[in-house]
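Counting begins at 1 with the first residue of the sequence.
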Amino acid sequence: MSDDVPLQLPRYVFRRANGSFRYKRNVPERLRPLIGKATLYRQLGDSYREAMQALPLVHARIEALLNDEANKSARERSLEIIRGALGDEVAEMVLAETVPEYSPIEDALNELGKDLHKQKMPTEVVQQVYTGKLKPDVLTLAMTLDQYEAYKSDSPKAAREIGQRIERLRTDMKSVFGHQKLKYTPLTDITRQDANDLRDHLLNRVSANSAVRMLGVVRTAINHVIVEHSLTIPNVFTNLKIKGAGASKHDRLPLTDSQLTLLEPAFSGDAIAWALYVTLRDTGARVSEISGLRTKDCDLVAKCLHISPTPWRGLKTTNSQRSVPLSAEAAAALAKLVRDKDPEAPLFPNYAKDRGADSCSAMLMKRLRRSIADRKLTMHSLRHRMKDKLRNTGCPEAISLAILGHSTNTVAANYGSGYALEVMREHLEKAWT
(Lines give C-alpha, C1' and ligand atoms only; values in the text may rest on other atoms or scores of the structure.)
Protein backbone atom coordinates (compact mmCIF):
# COMPACT_ATOMS: atom_id res chain seq x y z
CA MET A 1 0.00 0.00 0.00
CA SER A 2 1.46 3.41 -0.98
CA ASP A 3 2.50 6.00 1.57
CA ASP A 4 -0.48 8.30 0.91
CA VAL A 5 -2.98 5.56 1.78
CA PRO A 6 -3.69 5.16 5.52
CA LEU A 7 -3.48 1.74 7.11
CA GLN A 8 -7.16 1.92 8.13
CA LEU A 9 -9.60 2.90 5.38
CA PRO A 10 -12.98 4.55 6.08
CA ARG A 11 -15.95 2.33 6.78
CA TYR A 12 -17.38 0.52 3.70
CA VAL A 13 -14.21 1.24 1.65
CA PHE A 14 -11.76 -1.49 0.63
CA ARG A 15 -8.90 -1.77 -1.80
CA ARG A 16 -9.03 -4.35 -4.57
CA ALA A 17 -6.11 -6.51 -5.70
CA ASN A 18 -5.57 -4.27 -8.76
CA GLY A 19 -5.09 -1.23 -6.48
CA SER A 20 -8.45 0.47 -7.13
CA PHE A 21 -10.93 1.36 -4.39
CA ARG A 22 -14.46 0.09 -3.97
CA TYR A 23 -17.47 0.79 -1.76
CA LYS A 24 -19.09 -2.32 -0.26
CA ARG A 25 -22.30 -2.22 1.75
CA ASN A 26 -24.27 -5.17 3.09
CA VAL A 27 -28.02 -4.71 2.60
CA PRO A 28 -30.04 -5.16 5.81
CA GLU A 29 -31.73 -8.55 5.74
CA ARG A 30 -35.25 -7.09 5.82
CA LEU A 31 -34.48 -5.08 2.64
CA ARG A 32 -32.82 -7.84 0.61
CA PRO A 33 -36.08 -9.17 -0.90
CA LEU A 34 -36.97 -5.60 -1.90
CA ILE A 35 -33.63 -4.63 -3.44
CA GLY A 36 -32.85 -8.09 -4.81
CA LYS A 37 -29.27 -8.10 -3.57
CA ALA A 38 -27.44 -8.96 -0.36
CA THR A 39 -24.51 -6.62 -1.04
CA LEU A 40 -24.15 -3.33 -2.92
CA TYR A 41 -20.87 -2.40 -4.65
CA ARG A 42 -19.80 0.93 -6.16
CA GLN A 43 -16.46 1.76 -7.80
CA LEU A 44 -14.75 4.73 -6.11
CA GLY A 45 -11.63 5.29 -8.21
CA ASP A 46 -8.13 4.12 -9.00
CA SER A 47 -6.37 6.28 -6.41
CA TYR A 48 -6.98 6.99 -2.74
CA ARG A 49 -7.54 10.67 -3.52
CA GLU A 50 -10.20 9.86 -6.14
CA ALA A 51 -11.87 7.46 -3.72
CA MET A 52 -12.08 10.04 -0.92
CA GLN A 53 -13.53 12.59 -3.34
CA ALA A 54 -16.18 10.15 -4.56
CA LEU A 55 -17.00 8.60 -1.17
CA PRO A 56 -19.39 11.26 0.26
CA LEU A 57 -21.67 11.22 -2.80
CA VAL A 58 -21.62 7.42 -3.16
CA HIS A 59 -22.34 6.93 0.52
CA ALA A 60 -25.18 9.47 0.45
CA ARG A 61 -26.77 7.75 -2.57
CA ILE A 62 -26.58 4.31 -0.96
CA GLU A 63 -28.06 5.70 2.26
CA ALA A 64 -30.89 7.29 0.26
CA LEU A 65 -31.51 4.04 -1.62
CA LEU A 66 -31.78 2.03 1.60
CA ASN A 67 -33.99 4.64 3.26
CA ASP A 68 -36.24 4.95 0.21
CA GLU A 69 -36.68 1.21 -0.03
CA ALA A 70 -37.53 0.99 3.64
CA ASN A 71 -40.17 3.71 3.31
CA LYS A 72 -41.83 2.81 -0.01
CA SER A 73 -45.38 1.55 0.10
CA ALA A 74 -46.38 -1.72 -1.58
CA ARG A 75 -48.20 0.27 -4.27
CA GLU A 76 -45.14 2.41 -5.09
CA ARG A 77 -42.83 -0.60 -5.17
CA SER A 78 -45.23 -2.65 -7.34
CA LEU A 79 -45.54 0.13 -9.90
CA GLU A 80 -41.76 0.64 -10.02
CA ILE A 81 -41.20 -3.07 -10.64
CA ILE A 82 -43.79 -3.13 -13.43
CA ARG A 83 -42.31 -0.01 -15.01
CA GLY A 84 -38.78 -1.40 -14.81
CA ALA A 85 -39.63 -4.89 -16.11
CA LEU A 86 -42.40 -4.21 -18.66
CA GLY A 87 -41.99 -0.53 -19.56
CA ASP A 88 -43.79 2.78 -19.13
CA GLU A 89 -46.77 1.91 -21.34
CA VAL A 90 -47.72 -1.16 -19.29
CA ALA A 91 -47.21 0.77 -16.06
CA GLU A 92 -49.55 3.52 -17.28
CA MET A 93 -52.16 0.92 -18.30
CA VAL A 94 -51.97 -0.59 -14.81
CA LEU A 95 -52.37 2.86 -13.27
CA ALA A 96 -55.38 3.54 -15.51
CA GLU A 97 -56.82 0.05 -14.82
CA THR A 98 -57.05 -0.66 -18.56
CA VAL A 99 -55.10 -3.93 -18.85
CA PRO A 100 -57.23 -6.18 -21.14
CA GLU A 101 -58.27 -9.56 -19.75
CA TYR A 102 -56.57 -12.63 -21.26
CA SER A 103 -54.12 -10.40 -23.12
CA PRO A 104 -50.34 -10.84 -23.56
CA ILE A 105 -49.89 -7.93 -21.12
CA GLU A 106 -51.89 -9.75 -18.44
CA ASP A 107 -49.82 -12.89 -19.09
CA ALA A 108 -46.61 -10.88 -18.71
CA LEU A 109 -47.82 -9.47 -15.40
CA ASN A 110 -48.69 -12.97 -14.18
CA GLU A 111 -45.23 -14.26 -15.07
CA LEU A 112 -43.56 -11.27 -13.40
CA GLY A 113 -45.60 -11.90 -10.25
CA LYS A 114 -44.51 -15.56 -10.20
CA ASP A 115 -40.85 -14.54 -10.51
CA LEU A 116 -41.24 -12.11 -7.62
CA HIS A 117 -42.81 -14.85 -5.50
CA LYS A 118 -39.75 -17.05 -6.14
CA GLN A 119 -37.56 -14.12 -5.05
CA LYS A 120 -39.55 -13.96 -1.79
CA MET A 121 -40.80 -10.45 -2.38
CA PRO A 122 -43.52 -9.26 0.05
CA THR A 123 -46.90 -10.87 -0.60
CA GLU A 124 -48.72 -7.55 -1.10
CA VAL A 125 -46.24 -6.60 -3.84
CA VAL A 126 -46.48 -10.00 -5.54
CA GLN A 127 -50.30 -9.83 -5.58
CA GLN A 128 -50.46 -6.33 -7.04
CA VAL A 129 -47.94 -7.11 -9.78
CA TYR A 130 -49.50 -10.50 -10.62
CA THR A 131 -53.04 -9.12 -10.94
CA GLY A 132 -52.00 -5.77 -12.44
CA LYS A 133 -54.34 -4.08 -9.97
CA LEU A 134 -52.81 -1.57 -7.57
CA LYS A 135 -54.31 -1.12 -4.13
CA PRO A 136 -54.64 2.38 -2.65
CA ASP A 137 -52.02 3.15 -0.04
CA VAL A 138 -53.28 3.08 3.52
CA LEU A 139 -52.94 6.67 4.68
CA THR A 140 -51.10 6.79 8.03
CA LEU A 141 -49.86 9.52 10.34
CA ALA A 142 -46.35 9.04 8.97
CA MET A 143 -47.56 9.44 5.38
CA THR A 144 -49.63 12.46 6.42
CA LEU A 145 -46.55 14.21 7.80
CA ASP A 146 -44.51 13.26 4.71
CA GLN A 147 -47.11 14.64 2.29
CA TYR A 148 -47.54 17.85 4.25
CA GLU A 149 -43.77 18.33 4.45
CA ALA A 150 -43.48 17.86 0.68
CA TYR A 151 -46.32 20.34 0.10
CA LYS A 152 -44.77 23.02 2.32
CA SER A 153 -41.22 22.59 0.98
CA ASP A 154 -41.55 25.08 -1.86
CA SER A 155 -38.13 26.66 -1.24
CA PRO A 156 -34.86 25.51 0.37
CA LYS A 157 -35.51 27.68 3.43
CA ALA A 158 -39.10 26.47 3.80
CA ALA A 159 -37.98 22.86 3.33
CA ARG A 160 -35.41 23.23 6.09
CA GLU A 161 -37.84 24.88 8.52
CA ILE A 162 -40.77 22.50 7.98
CA GLY A 163 -38.37 19.55 7.91
CA GLN A 164 -37.07 20.43 11.37
CA ARG A 165 -40.59 20.81 12.77
CA ILE A 166 -41.79 17.55 11.27
CA GLU A 167 -38.73 15.68 12.49
CA ARG A 168 -39.34 16.85 16.07
CA LEU A 169 -42.97 15.78 15.77
CA ARG A 170 -41.99 12.35 14.45
CA THR A 171 -39.73 11.87 17.47
CA ASP A 172 -42.53 12.81 19.89
CA MET A 173 -45.06 10.66 18.04
CA LYS A 174 -42.77 7.63 18.14
CA SER A 175 -42.43 8.11 21.89
CA VAL A 176 -46.22 8.15 22.28
CA PHE A 177 -47.50 5.80 19.59
CA GLY A 178 -44.48 3.65 18.75
CA HIS A 179 -42.94 3.19 15.30
CA GLN A 180 -45.44 0.59 14.10
CA LYS A 181 -48.55 2.63 14.87
CA LEU A 182 -47.07 5.79 13.40
CA LYS A 183 -46.11 4.06 10.16
CA TYR A 184 -48.79 1.40 9.63
CA THR A 185 -52.01 2.28 11.51
CA PRO A 186 -54.58 3.84 9.13
CA LEU A 187 -55.36 7.49 9.79
CA THR A 188 -59.00 6.46 10.14
CA ASP A 189 -58.04 4.43 13.24
CA ILE A 190 -56.31 7.31 15.04
CA THR A 191 -58.60 8.37 17.87
CA ARG A 192 -59.22 11.43 20.01
CA GLN A 193 -57.51 9.58 22.84
CA ASP A 194 -54.40 9.29 20.67
CA ALA A 195 -54.50 13.06 20.13
CA ASN A 196 -54.89 13.64 23.86
CA ASP A 197 -52.00 11.30 24.60
CA LEU A 198 -49.72 13.27 22.27
CA ARG A 199 -50.91 16.53 23.84
CA ASP A 200 -50.13 15.25 27.36
CA HIS A 201 -46.70 14.05 26.25
CA LEU A 202 -45.88 17.45 24.75
CA LEU A 203 -47.09 19.31 27.85
CA ASN A 204 -44.62 17.30 29.92
CA ARG A 205 -41.81 18.45 27.64
CA VAL A 206 -42.62 21.96 26.41
CA SER A 207 -44.72 24.98 27.37
CA ALA A 208 -48.45 25.06 26.70
CA ASN A 209 -48.04 27.56 23.86
CA SER A 210 -45.29 25.47 22.25
CA ALA A 211 -47.58 22.43 22.48
CA VAL A 212 -50.31 24.44 20.73
CA ARG A 213 -47.93 25.28 17.87
CA MET A 214 -46.71 21.70 17.47
CA LEU A 215 -50.20 20.21 17.58
CA GLY A 216 -51.27 22.88 15.10
CA VAL A 217 -48.82 21.42 12.58
CA VAL A 218 -50.36 17.96 13.04
CA ARG A 219 -53.89 19.35 12.70
CA THR A 220 -52.99 21.31 9.55
CA ALA A 221 -51.22 18.29 8.03
CA ILE A 222 -54.30 16.13 8.56
CA ASN A 223 -56.57 18.82 7.11
CA HIS A 224 -54.26 18.92 4.08
CA VAL A 225 -54.54 15.20 3.32
CA ILE A 226 -58.28 15.19 4.04
CA VAL A 227 -58.72 17.75 1.27
CA GLU A 228 -56.16 16.22 -1.11
CA HIS A 229 -57.57 12.69 -0.79
CA SER A 230 -61.26 13.71 -0.55
CA LEU A 231 -61.63 11.98 2.81
CA THR A 232 -64.71 12.23 4.98
CA ILE A 233 -63.04 11.47 8.31
CA PRO A 234 -63.02 13.85 11.31
CA ASN A 235 -59.77 15.51 12.32
CA VAL A 236 -59.28 14.28 15.89
CA PHE A 237 -56.63 16.94 16.52
CA THR A 238 -59.16 19.78 16.16
CA ASN A 239 -60.09 21.84 19.27
CA LEU A 240 -57.84 20.00 21.71
CA LYS A 241 -58.10 21.47 25.20
CA ILE A 242 -54.72 22.76 26.33
CA LYS A 243 -54.66 24.23 29.80
CA GLY A 244 -52.48 27.30 30.20
CA ALA A 245 -52.23 28.09 26.49
CA GLY A 246 -52.90 31.46 24.96
CA ALA A 247 -51.62 34.96 25.40
CA SER A 248 -51.00 36.14 28.93
CA LYS A 249 -50.02 39.55 30.21
CA HIS A 250 -47.25 37.80 32.09
CA ASP A 251 -45.69 36.12 29.02
CA ARG A 252 -43.68 39.22 28.10
CA LEU A 253 -43.64 42.42 30.13
CA PRO A 254 -43.52 45.83 28.45
CA LEU A 255 -40.48 47.98 29.15
CA THR A 256 -41.14 51.06 31.26
CA ASP A 257 -39.82 54.57 30.58
CA SER A 258 -37.38 54.31 33.48
CA GLN A 259 -36.04 51.00 32.13
CA LEU A 260 -35.52 52.60 28.71
CA THR A 261 -33.40 55.27 30.37
CA LEU A 262 -31.23 52.51 31.85
CA LEU A 263 -30.98 50.77 28.47
CA GLU A 264 -29.96 53.65 26.22
CA PRO A 265 -26.21 53.68 27.09
CA ALA A 266 -25.96 50.01 26.03
CA PHE A 267 -27.08 50.92 22.48
CA SER A 268 -26.03 54.54 21.94
CA GLY A 269 -22.32 53.79 21.46
CA ASP A 270 -22.83 51.93 18.18
CA ALA A 271 -24.58 53.48 15.15
CA ILE A 272 -26.14 50.21 13.95
CA ALA A 273 -27.31 49.06 17.40
CA TRP A 274 -28.71 52.52 18.12
CA ALA A 275 -30.59 52.74 14.79
CA LEU A 276 -32.13 49.31 15.40
CA TYR A 277 -33.03 50.09 19.00
CA VAL A 278 -34.59 53.49 18.47
CA THR A 279 -36.53 52.30 15.42
CA LEU A 280 -37.91 49.29 17.29
CA ARG A 281 -38.76 51.51 20.25
CA ASP A 282 -40.65 54.12 18.22
CA THR A 283 -42.45 51.87 15.70
CA GLY A 284 -43.25 48.75 17.75
CA ALA A 285 -42.14 46.70 14.73
CA ARG A 286 -40.73 43.17 14.95
CA VAL A 287 -36.94 42.71 15.02
CA SER A 288 -37.04 40.78 11.73
CA GLU A 289 -39.01 43.58 10.04
CA ILE A 290 -36.38 46.20 10.89
CA SER A 291 -33.23 44.10 10.55
CA GLY A 292 -34.33 43.01 7.06
CA LEU A 293 -34.96 46.48 5.60
CA ARG A 294 -33.55 47.68 2.28
CA THR A 295 -32.13 51.18 1.90
CA LYS A 296 -35.09 52.20 -0.26
CA ASP A 297 -37.52 51.13 2.47
CA CYS A 298 -36.42 54.17 4.51
CA ASP A 299 -38.31 57.17 3.15
CA LEU A 300 -36.59 60.03 4.91
CA VAL A 301 -38.58 62.66 3.01
CA ALA A 302 -41.92 61.32 4.22
CA LYS A 303 -40.26 60.13 7.46
CA CYS A 304 -41.64 56.61 7.26
CA LEU A 305 -40.65 52.99 6.78
CA HIS A 306 -42.10 50.81 4.03
CA ILE A 307 -42.11 47.30 5.49
CA SER A 308 -42.40 44.67 2.76
CA PRO A 309 -40.79 41.31 1.86
CA THR A 310 -37.16 41.42 0.76
CA PRO A 311 -34.99 38.79 -0.97
CA TRP A 312 -33.52 37.80 2.41
CA ARG A 313 -36.56 38.20 4.67
CA GLY A 314 -40.26 37.45 4.38
CA LEU A 315 -43.04 38.75 6.61
CA LYS A 316 -45.06 36.98 9.27
CA THR A 317 -48.52 37.77 7.85
CA THR A 318 -50.10 39.62 4.93
CA ASN A 319 -50.98 42.49 7.28
CA SER A 320 -47.32 42.85 8.20
CA GLN A 321 -46.74 44.63 4.88
CA ARG A 322 -47.32 48.28 5.75
CA SER A 323 -45.91 51.79 6.01
CA VAL A 324 -45.12 53.15 9.48
CA PRO A 325 -44.26 56.75 10.47
CA LEU A 326 -40.79 57.41 11.90
CA SER A 327 -39.99 59.61 14.87
CA ALA A 328 -37.43 62.37 14.34
CA GLU A 329 -34.91 60.44 16.46
CA ALA A 330 -35.36 57.20 14.49
CA ALA A 331 -35.20 59.05 11.15
CA ALA A 332 -31.93 60.72 12.19
CA ALA A 333 -30.38 57.40 13.26
CA LEU A 334 -31.39 55.68 10.01
CA ALA A 335 -30.21 58.61 7.87
CA LYS A 336 -26.60 57.89 8.92
CA LEU A 337 -26.90 54.34 7.57
CA VAL A 338 -28.76 55.18 4.33
CA ARG A 339 -26.12 57.64 3.09
CA ASP A 340 -24.38 56.59 -0.19
CA LYS A 341 -26.00 53.14 -0.31
CA ASP A 342 -27.64 51.48 -3.31
CA PRO A 343 -31.46 51.63 -2.92
CA GLU A 344 -31.72 47.84 -3.25
CA ALA A 345 -28.92 47.16 -0.76
CA PRO A 346 -29.73 45.87 2.72
CA LEU A 347 -29.76 48.59 5.35
CA PHE A 348 -28.21 46.17 7.86
CA PRO A 349 -25.93 43.93 5.71
CA ASN A 350 -24.83 41.73 8.62
CA TYR A 351 -28.40 40.51 9.03
CA ALA A 352 -29.43 40.17 5.37
CA LYS A 353 -29.10 36.39 5.39
CA ASP A 354 -30.82 33.22 6.46
CA ARG A 355 -31.65 33.50 10.17
CA GLY A 356 -30.28 37.03 10.10
CA ALA A 357 -33.07 38.22 12.38
CA ASP A 358 -31.98 35.68 15.00
CA SER A 359 -28.43 37.03 14.86
CA CYS A 360 -29.70 40.58 15.17
CA SER A 361 -31.93 39.68 18.11
CA ALA A 362 -29.01 37.95 19.86
CA MET A 363 -26.84 41.05 19.44
CA LEU A 364 -29.55 43.33 20.80
CA MET A 365 -30.37 40.98 23.67
CA LYS A 366 -26.73 40.85 24.71
CA ARG A 367 -26.81 44.64 25.10
CA LEU A 368 -30.18 44.61 26.87
CA ARG A 369 -28.95 42.07 29.44
CA ARG A 370 -26.17 44.44 30.50
CA SER A 371 -28.83 46.51 32.25
CA ILE A 372 -31.88 44.27 32.70
CA ALA A 373 -31.78 40.70 34.03
CA ASP A 374 -35.55 40.00 34.19
CA ARG A 375 -36.18 37.12 31.74
CA LYS A 376 -39.67 38.46 30.97
CA LEU A 377 -38.13 41.58 29.48
CA THR A 378 -36.71 41.14 25.97
CA MET A 379 -36.41 43.18 22.79
CA HIS A 380 -39.94 42.06 21.96
CA SER A 381 -41.01 43.96 25.09
CA LEU A 382 -40.58 47.15 23.04
CA ARG A 383 -43.45 45.93 20.87
CA HIS A 384 -45.58 45.28 23.96
CA ARG A 385 -44.65 48.75 25.22
CA MET A 386 -45.85 50.40 22.01
CA LYS A 387 -49.10 48.43 22.14
CA ASP A 388 -49.72 49.68 25.67
CA LYS A 389 -48.75 53.25 24.76
CA LEU A 390 -51.19 53.33 21.85
CA ARG A 391 -53.95 51.87 23.98
CA ASN A 392 -53.35 54.26 26.86
CA THR A 393 -53.31 57.36 24.64
CA GLY A 394 -56.71 56.51 23.17
CA CYS A 395 -55.60 55.12 19.79
CA PRO A 396 -58.48 53.17 18.15
CA GLU A 397 -57.79 49.44 18.04
CA ALA A 398 -58.00 49.29 14.24
CA ILE A 399 -55.29 51.95 13.86
CA SER A 400 -53.14 50.21 16.48
CA LEU A 401 -53.40 46.96 14.50
CA ALA A 402 -52.38 48.79 11.32
CA ILE A 403 -49.33 50.38 12.98
CA LEU A 404 -48.12 47.12 14.50
CA GLY A 405 -48.96 44.93 11.51
CA HIS A 406 -51.23 42.61 13.44
CA SER A 407 -53.71 40.38 11.61
CA THR A 408 -57.38 41.28 11.76
CA ASN A 409 -60.27 38.86 11.95
CA THR A 410 -62.58 40.48 9.40
CA VAL A 411 -62.67 40.39 5.62
CA ALA A 412 -63.69 44.05 5.48
CA ALA A 413 -60.46 45.05 7.24
CA ASN A 414 -58.50 43.89 4.19
CA TYR A 415 -60.27 46.23 1.75
CA GLY A 416 -58.71 49.54 0.71
CA SER A 417 -55.11 50.69 1.13
CA GLY A 418 -55.15 51.19 4.90
CA TYR A 419 -54.85 54.25 7.11
CA ALA A 420 -53.02 57.35 5.91
CA LEU A 421 -49.57 58.00 7.38
CA GLU A 422 -50.83 61.29 8.82
CA VAL A 423 -53.53 59.46 10.80
CA MET A 424 -51.04 56.94 12.18
CA ARG A 425 -48.49 59.67 12.95
CA GLU A 426 -51.06 61.61 14.94
CA HIS A 427 -51.50 58.66 17.32
CA LEU A 428 -47.83 57.66 17.37
CA GLU A 429 -46.76 61.17 18.36
CA LYS A 430 -48.84 60.80 21.49
CA ALA A 431 -47.05 57.55 22.23
CA TRP A 432 -43.61 59.11 21.62
CA THR A 433 -44.13 61.84 24.23
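D388 and R385 are not joined by a salt bridge, as no carboxylate oxygen comes within less than 4.0 angstrom of a charged side-chain nitrogen. Comment: D282 does not engage K389 in a salt bridge, judged by the lack of any side-chain N to carboxylate O separation of less than 4.0 angstrom. Looking at D189 and K181, no side-chain N of the basic residue comes within less than 4.0 Å of a carboxylate O on the acidic one, giving no salt bridge. Look at R170 and E167 and you find a salt bridge, because one of the NZ, NE, NH1 or NH2 atoms lies within 4.0 Å of a carboxylate O, short of that distance. Checked for salt-bridge contact, K387 and E397 meet the test: a charged N lies under 4.0 Å from a carboxylate O.
No side-chain heavy atom of T98 sits less than 4.5 Å from a side-chain heavy atom of E92. In this structure, the side chains of M52 and P10 come closer than 4.5 Å at one or more pairs of heavy atoms. Proximity of H427 to T393: side-chain heavy atoms (C-beta onward) are nowhere separated by under 4.5 Å. Side-chain contact between L382 and Y277: present, with at least one pair of heavy atoms (C-beta onward) separated by less than 4.5 Å. When side chains are defined from C-beta on, S308 counts as touching D297, because their heavy atoms get closer than 4.5 Å. Side-chain contact between L428 and L390 is present, with at least one heavy-atom pair separated by less than 4.5 Å. Residues V278 and F267 form no side-chain contact, since every pair of their non-hydrogen atoms from C-beta on lies 4.5 Å or further apart.
With no hydrogens or angles considered, no side-chain donor-acceptor pair links R168 and T171 at under 3.5 Å. Inspection of the D194 and T191 side chains reveals an N or O donor paired with an N or O acceptor under 3.5 Å.
Looking at residues two or more places apart in sequence or on another chain, you find a side-chain contact (heavy atoms from CB on, under 4.5 Å) between Q180 and Y184. Partners of E426 under the side-chain contact (heavy atoms from CB on, under 4.5 Å) rule, at least two apart in sequence or in another chain, do not exist in this structure. Partners of T433 according to the side-chain contact (heavy atoms from CB on, under 4.5 Å) rule, which considers only residues two or more places apart in sequence or in another chain, do not exist here.
The minimum heavy-atom distance between V206 and A211, with the atom names listed, is CG2-N, 3.7 Å. Taking every heavy atom of both residues into account, C304 and L421 meet most closely at SG-CD1, 3.8 Å. Taking every heavy atom of both residues into account, A331 and L300 meet most closely at O-CD2, 3.8 Å. When all heavy atoms of L404 and R383 are compared, the closest pair comes out as O-NH2, 2.8 Å. For G405 against R322, the heavy-atom pair with the smallest separation is N-NE, 3.4 Å.
The 12-atom threshold is not exceeded at CZ of R49, counting heavy atoms of other residues, nucleotides or ligands nearer than 6.0 Å. Residue E97 places its CD atom among 12 or fewer non-hydrogen atoms of other residues, nucleotides or ligands, all under 6.0 Å distant. Residue R355 qualifies as open at atom CZ: its count of foreign heavy atoms under 6.0 Å is 12 or below. For Y151, the OH atom sits in a loose shell: 12 or fewer heavy atoms of surrounding residues, nucleotides or ligands are nearer than 6.0 Å. Surrounding CD of E29 are at most 12 heavy atoms belonging to other residues, nucleotides or ligands under 6.0 Å away.
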Donor-acceptor contacts under 3.5 Å from residues 337-347 side chains, at least two apart:
from : atom 1 : to   : atom 2 : distance (Å)
K341 : NZ     : L347 : O      : 2.9
D342 : OD1    : E344 : N      : 2.7
E344 : OE2    : K296 : NZ     : 2.8

Enumerate donor-acceptor pairs with a distance under 3.5 Å from any side-chain N or O in residues 224-237 to protein atoms, sequence neighbours excluded.
from : atom 1 : to   : atom 2 : distance (Å)
H229 : NE2    : Q147 : OE1    : 2.8
N235 : OD1    : F237 : N      : 3.0
N235 : ND2    : R219 : O      : 3.0
N235 : ND2    : N223 : OD1    : 2.9

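The backbone N or O of T310 sits nowhere less than 3.5 Å from a side-chain atom of R294 that would complete a donor-acceptor pair. A donor-acceptor pair is defined here as one N or O able to donate and one able to accept, closer than 3.5 Å; no such pair exists between the side chain of Q321 and the backbone of I307. Not one N or O on the side chain of T185 forms a donor-acceptor pair closer than 3.5 Å with the backbone of L182. Here the side chain of R165 pairs no donor or acceptor atom with the backbone of M214 at under 3.5 angstrom. Checking side-chain atoms of W274 against main-chain N and O of A333 turns up no donor-acceptor pair under 3.5 Å. Between the side chain of R370 and the backbone N or O of P265, no donor-acceptor pair lies under 3.5 Å. Judged by distance alone, the side chain of D270 and the main-chain N or O of I272 form a donor-acceptor pair under 3.5 Å. Remark: side-chain polar atoms of S400 are not paired, donor with acceptor, to backbone N or O of P396 under 3.5 angstrom. The backbone N or O of A91 lies less than 3.5 Å from no partner atom in the side chain of R83, so there is not a single donor-acceptor pair. Without hydrogens or angle criteria, R213 side chain to A208 main chain gives no donor-acceptor distance under 3.5 Å.
Taking CG of D354 as the start and CD of E161 as the end, the distance is 7.0 Å to the nearest 0.5 Å. Of the inter-residue distances, the one linking L141 atom CG with I222 atom CD1 reads 5.5 Å to the nearest 0.5 angstrom. Interatomic distance, F177 CZ to H201 NE2, rounded to the nearest 0.5 Å: 9.5 Å. In this structure, Q128 CD and R75 CZ are separated by 7.5 Å, a value rounded to the nearest 0.5 Å. In this structure, the separation between OG on S327 and CZ on R425 is 8.5 Å, given to the nearest 0.5 Å. Rounded to the nearest 0.5 Å, atoms NZ (K353) and OG (S359) are 4.0 Å apart.
Ring-plane geometry between Y23 and Y12 is classed as tilted, the angle between the planes lying from 30 to 60 degrees on a 0 to 90 degree scale.
The ring-ring contact (aromatic ring centres under 6.0 Å, His included) contacts involving residues 305-362 comprise nothing, where partners must be two or more places apart or lie in separate chains.
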